[in-house]
Every structure is written in C-alpha cells, then in structure tokens.
Amino acid sequence: MNIVCFEIEDWESDTLRPLCRNLDITMTSDNLDQDNADKYADTRIISCFIYSNLRQPVLEKFKNLKLIATRSTGTDHIDLDYCRQRGIAVCNVPAYGEHTVAEHVFALLLALSRHIPQAAQRTREGDFSFKGLCGFDLYGKIMGIIGTGTIGLHAARIAKGFGMNVLGYDTQPHQNADLTYVTFEQLLSQSDIISLHVPGTPKTRHMLSEKEFSIMKDGVIIINTARGPVIDVRALLRALQSGKVRAAGLDVLPEEPAIREEAELLRESFSQKHDLETLLADYALLHNKNVIVTPHSAFYTKEALDKILHTTSENIMAFLRGAPQNIVG
Ligand code: NAI
C-alpha cells in the first residue's frame, strides 16, 4: 500500500522510515495542495501536518485513499464530513503535547508579564535600565481555562504551581479536575488571565468576540494556543486599543497559513479569497507592542515530535493490520 507523508523535515523522515519499515512510503517536505495533488493521486494513505489542504476539491482527486493519519491533535484542517461520506478513515495523535503546549502557555504569559522580549532587546543594545519594564506577579491571580481537556488541565496544574486560582469552563466538565468550574460568563468576568484550549470547530469559532471582551475585567490578558478562529481578531484588536485587553500571547492566528506563506501572500490572498480584513487584523496584531505572536510552535519540542512520529507510525501500522486506532469523528 503506498503511503505519502507530507510536510516532513529530513530528520523526521530519518525517524519515521525505520518505524514504518517494509512499507512503500514517500516522504516530502511539500504541503499537499491543489497544485501537486495529481502527482500523488494513487496514494492510499496520507500523513500530513496541519498546513496541507485536505478539503473536498483536493481529496476528490484521491480515488484510492483509505486513511489520513494527521500528525496533529486538531483535525480542523481536514474535511471530516467528506471523509465520512467516502469512507476515508482519519486518525490523529490525541495526546502528545499536553505538557508541551501547556508550558508554551506559560512561556507566553511570563514573556508578557515580565516584558521579556523588550528587556532582552534592551540589554542586547547595551541598555541596562529597567524603566518601563515593571511587570506583574502571577501569584494570586485568577486564571480562566476555556476547554479543560488534556492541555487545559495541564495548564491548570501549572497555574496552581504559580499560586494562581484557577477557573474552568467546558461543555463536558472533568470529574476530578483540580479547578473550579463556572459558567462561561463567570469565567470571562472574573479572570485576570484567560487561556483557550478548545478545538477549532464551527461551534468555537469567534468564541471570544465583541460581547465576550466587553464583560471581561479591564486589563485582562488573553493567551491562545488553541486555534486562530476561536478569537475574532478584529474584536481583539479593538479590545487591545481600548485597554480592555492589556496584552495577548498568540501561538495561532486565523489566517495563519496565508501569513506563513508570506512570499506568496498577495497571490494567495487574491486567488484563494482569504478573508483580507482578518488577514490585515493578523498583521496589525503582529506589530502591536502588547502582543506576542509565536509561529504555531507551542507543540514544537523534541519530546513532542518523537511522540508524534511514534504514534503516527503506530496509527498507520494498526490500520494496515485491520485494527485502526485513534480514529476521529
Ligand atoms: P482535548 O480534546 O483533550 O480538550 C478539548 C476540550 O475542549 C474538551 O474538554 C472539550 O469538552 C472542550 N470543548 C470542546 N468544545 C467546547 C466548547 N464549545 N465550549 C467549551 N469547551 C469545549 O484537546 P487538547 O489535547 O487539550 O487540545 C486542545 C486544542 O489545542 C486542540 O484541539 C488543538 O486545536 C490545540 N492544539 C494546539 C497546538 C499548538 O501547537 N498550538 C498543539 C496541540 C493542540
């Protein structure tokens, strides 16, 4: 059965190949997209990360496709409805990054609370004054976790370690979570820091928008390592301008794939009808002094990548044995 792994770096290929020994497997650093889909149209198993195009117009070209093994937890980049109709199985890596992503939440939060990027830039320039760098303690603050799944619960544990009080909101609360569950509105109005950990779905799109920002505390901090569209970035920009939101740490942006392809930005924008207003809001956020943006790198540690590659190879092997695992939707 032929397998194509897209978005693979050389070292990942070196790790994955021995794990999938004896399989007919092609590795490429390319994303799967409209332009190269025909070249791989015979493929039976696709493995990808989140920047490949796995929407119906591309998937239609793959007449023999049996499995998509995404090397991510989130599956919002895949047209799951179409896969269901076509009987294409989709499996993911359900847990690899709970520590990894939760640690990144605090990397962003501490960078904001202690002005780390500005402080480091200042000393690099030979300036050792701390004027204007006054930060704030995390100790004693209220952290609101939206989505108390694997990552959210780990972020809550870390927050407790800092001596924070932790509130949680989830449509399916956890039995033994070490936090206080409240309503969505209570979380928004009581938290000093709000961190998002829900999946990217139509229901979570713009979960934080104008109305939600309006009921938050003045000077709230927003951290998003979940998915870009969960926040209405135009509303976030306005909340930053008014001071309602003091600062934001964002590992994800709504028009992230287009931003990543900066060299192709204009072509992409016009040919694929990206939401230009949202794209501009993304750019405005990138240049806002109270915002730190990381390039969707919250998952990107050695330990997490090893786990991703091992689980992906197990997912493919299990599917080939007729005992699929980590099937989504
Ligand atoms: P999970 O599935 O364990 O937890 C998600 C939680 O959100 C669940 O408890 C679920 O009940 C809750 N939820 C779903 N819809 C909701 C809604 N409308 N309102 C309130 N709660 C809702 O997922 P996990 O592993 O904690 O990951 C969370 C998200 O983090 C992923 O879906 C992915 O989008 C993102 N992620 C980001 C990474 C990065 O590098 N930035 C890496 C890995 C995941």
Side-chain angles (χ1 to χ4, degrees), residues 7 31 33 48-55 70-78 97 100-109 111-112 117 146-147 151-152 155 193-210 212-213 216 220-242 244-300:
E7 306 175 69
N31 299 354
D33 58 30
C48 58
F49 191 51
I50 58 172
Y51 297 108
S52 285
N53 180 342
L54 294 152
R55 303 282 161 209
T70 184
R71 300 192 303 283
S72 59
T73 303
T75 50
D76 47 307
H77 55 299
I78 303 170
T100 313
V101 177
E103 285 178 23
H104 197 82
V105 168
F106 285 85
L108 289 170
L109 183 49
L112 290 170
I146 300 179
I151 297 171
I193 293 138
I194 294 176
S195 189
L196 289 156
H197 300 287
V198 288
T201 66
K203 282 198 177 133
T204 61
R205 186 181 149 74
H206 289 187
M207 203 170 176
L208 299 189
S209 189
E210 211 79 54
E212 290 72 27
F213 286 118
M216 291 177 194
V220 65
I221 309 283
I222 303 291
I223 306 289
N224 188 10
T225 57
R227 283 293 181 266
V230 176
I231 298 184
D232 174 353
V233 281
R234 282 170 274 179
L236 174 61
L237 265 181
R238 283 191 283 272
L240 280 157
Q241 272 151 13
S242 73
K244 168 62 82 175
V245 171
R246 186 193 318 194
L250 310 173
D251 187 49
V252 285
L253 290 169
E255 286 290 342
E256 200 179 303
I259 286 206
R260 286 180 75 85
E261 305 289 325
E262 199 160 0
E264 291 186 295
L265 180 60
L266 288 174
R267 189 177 66 77
E268 287 276 317
S269 301
F270 292 109
S271 68
Q272 291 185 22
K273 294 196 182 70
H274 284 296
D275 178 345
L276 279 183
E277 275 190 56
T278 306
L279 198 57
L280 285 174
D282 283 1
Y283 271 95
L285 284 172
L286 283 172
H287 298 289
N288 186 305
K289 69 178 171 40
N290 294 323
V291 177
I292 293 179
V293 178
T294 49
H296 202 138
S297 56
F299 75 100
Y300 199 54

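When reading the values below, keep in mind they use all heavy atoms of this one structure, side chains included, and skip hydrogens, waters and symmetry mates.
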Looking only at side chains, do Arg234 and Thr278 share a donor and an acceptor under 3.5 Å apart?
yes

When you check the side-chain N and O atoms of Ser209 and Asp232, is any donor under 3.5 Å from an acceptor?
yes

Dump the intermediate steps for side-chain contact (heavy atoms from CB on, under 4.5 Å) on Glu7 and Ser52, then the final yes or no.
CA-CA 8 Å; Glu7 306 175 69; Ser52 285; 2.7 Å; yes

Would you call [X] and [Y] a side-chain contact if the rule is heavy atoms closer than 4.5 Å?
{"X": "Ile146", "Y": "Leu208", "value": "yes"}
{"X": "Asn290", "Y": "Arg246", "value": "no"}
{"X": "Arg227", "Y": "Pro254", "value": "no"}
{"X": "Leu112", "Y": "Ile223", "value": "yes"}
{"X": "Ile193", "Y": "Val220", "value": "no"}

Heavy-atom pair with the smallest gap, counting every atom of [X] and [Y]:
{"X": "Ala155", "Y": "Ala102", "result": "N-CB, 3.6 Å"}
{"X": "Pro199", "Y": "Thr204", "result": "O-OG1, 2.6 Å"}
{"X": "Thr100", "Y": "Ala298", "result": "CG2-O, 3.3 Å"}
{"X": "Leu196", "Y": "Ala226", "result": "O-CB, 3.5 Å"}
{"X": "Arg55", "Y": "Asp76", "result": "NH2-O, 2.5 Å"}
{"X": "Glu210", "Y": "Arg238", "result": "OE1-NH2, 2.8 Å"}

Pairwise distance [atom1]([X]) to [atom2]([Y]) - rounded to 0.5 angstrom:
{"X": "Ser195", "Y": "Ile221", "atom1": "OG", "atom2": "CD1", "answer": "12.0 Å"}
{"X": "Leu54", "Y": "Asn31", "atom1": "CG", "atom2": "CG", "answer": "10.0 Å"}
{"X": "Cys48", "Y": "Asn53", "atom1": "SG", "atom2": "CG", "answer": "10.5 Å"}
{"X": "Thr73", "Y": "Phe299", "atom1": "OG1", "atom2": "CZ", "answer": "10.5 Å"}
{"X": "Leu236", "Y": "Leu253", "atom1": "CG", "atom2": "CG", "answer": "9.5 Å"}

Test Val291 against Leu286 for side-chain contact (heavy atoms from CB on, under 4.5 Å), laying out the working first.
CA-CA 7 Å; Val291 177; Leu286 283 172; over 6 Å; no

Among Thr294, Ile222, Val293, side chain to side chain contact (heavy atoms under 4.5 Å, CB included) partner for Leu108:
Thr294

Give the C-alpha distance, both sets of side-chain angles, the deciding distance and a yes or no for side-chain contact (heavy atoms from CB on, under 4.5 Å) between Leu285 and Val233.
CA-CA 8 Å; Leu285 284 172; Val233 281; 3.5 Å; yes

The side-chain contact (heavy atoms from CB on, under 4.5 Å) partners of Val252 (sequence neighbours excluded) come to Asn224, Glu256, His296

Phe213: ring pair (Phe, Tyr, Trp, His ring centres under 6.0 Å) partners, not counting sequence neighbours:
none

Determine, stepwise, if the pair His197 / Val105 fulfils side-chain contact (heavy atoms from CB on, under 4.5 Å).
CA-CA 10 Å; His197 300 287; Val105 168; 3.5 Å; yes

Side-chain (Lys244) to main-chain (Met216) donor-acceptor, under 3.5 angstrom
yes

